[in-house]
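To start, the structure itself, in structure tokens.
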Amino acid sequence: MKISENEPVRFNELYRNIPSVSEKVLSQVLRQLTIDGIIQRKLFPDIPPHTEYSVTDLGKTLLPHVISLANWGREHFDTIISNRQK
């Protein structure tokens, strides 16, 4: 969702805004989402080079479902945490 909020987004901006994710994991997820056609990766050959990510048309069809899932998680967060502590 971060990418869809501020398109396009650079890798470092994503990394700073997603707590507790390693660069390696973020890179792997972005690579897979690009392969799947959910996001688009654009490389700029500047010095130093930088990369920007944006949501594809296919990815935009997925956003309402991701938002619904995130809302469900927020609504049931306390119950989930309580269940984990049992």
Side-chain angles (χ1 to χ4, degrees):
M1 290 191 306
K2 285 286 183 196
I3 294 174
S4 68
E5 293 170 4
N6 306 323
E7 288 190 73
V9 180
R10 290 186 177 189
F11 180 89
N12 285 335
E13 185 179 350
L14 284 170
Y15 180 65
R16 283 191 306 271
N17 287 296
I18 302 174
S20 71
V21 67
S22 70
E23 287 186 47
K24 179 182 177 183
V25 169
L26 179 58
S27 180
Q28 290 171 338
V29 169
L30 290 172
R31 186 177 307 114
Q32 189 61 54
L33 289 172
T34 301
I35 291 168
D36 293 343
I38 306 298
I39 62 172
Q40 174 179 311
R41 178 180 185 263
K42 185 172 182 182
L43 178 63
F44 293 86
D46 302 335
I47 298 189
H50 72 274
T51 306
E52 291 181 348
Y53 296 91
S54 57
V55 179
T56 64
D57 288 340
L58 176 63
K60 288 176 184 173
T61 67
L62 181 60
L63 286 174
H65 306 287
V66 171
I67 291 167
S68 292
L69 182 59
N71 288 338
W72 181 89
R74 279 191 285 278
E75 288 174 23
H76 299 285
F77 181 79
D78 292 337
T79 303
I80 293 167
I81 295 302
S82 176
N83 288 340
R84 287 181 183 177
Q85 294 172 351
K86 291 181 181 178

CZ on R16 to CG on L14, rounded to 0.5 Å: 9.5 Å

Non-hydrogen atoms of I18 and L26 that approach each other most closely: CD1-CD1, 4.3 Å

Mutual orientation of the aromatic rings belonging to H76 and W72 [parallel < 30°, tilted 30-60°, perpendicular > 60°]: tilted

Distance-minimising heavy-atom pair for T61 and H65: O-CD2, 3.4 Å

Nearest-0.5 Å distance that lies between atom OG1 in T79 and atom CZ in R84: 12.0 Å

Can you give the donor-acceptor pairs under 3.5 Å from side chains of residues 32-49 to other protein atoms, not counting sequence neighbours?
| residue | atom | partner | partner atom | Å |
| --- | --- | --- | --- | --- |
| Q32 | NE2 | D36 | OD1 | 3.0 |
| T34 | OG1 | L30 | O | 2.8 |
| D46 | OD2 | H50 | ND1 | 3.3 |

Distance (rounded to the nearest 0.5 Å) between D57 CG and L62 CG: 13.0 Å

Taking every non-hydrogen atom, the tightest pair across F11 and E23: CZ-O, 3.8 Å

Other residues, nucleotides, ligands: >12 heavy atoms within 6.0 Å of N83 CG: yes

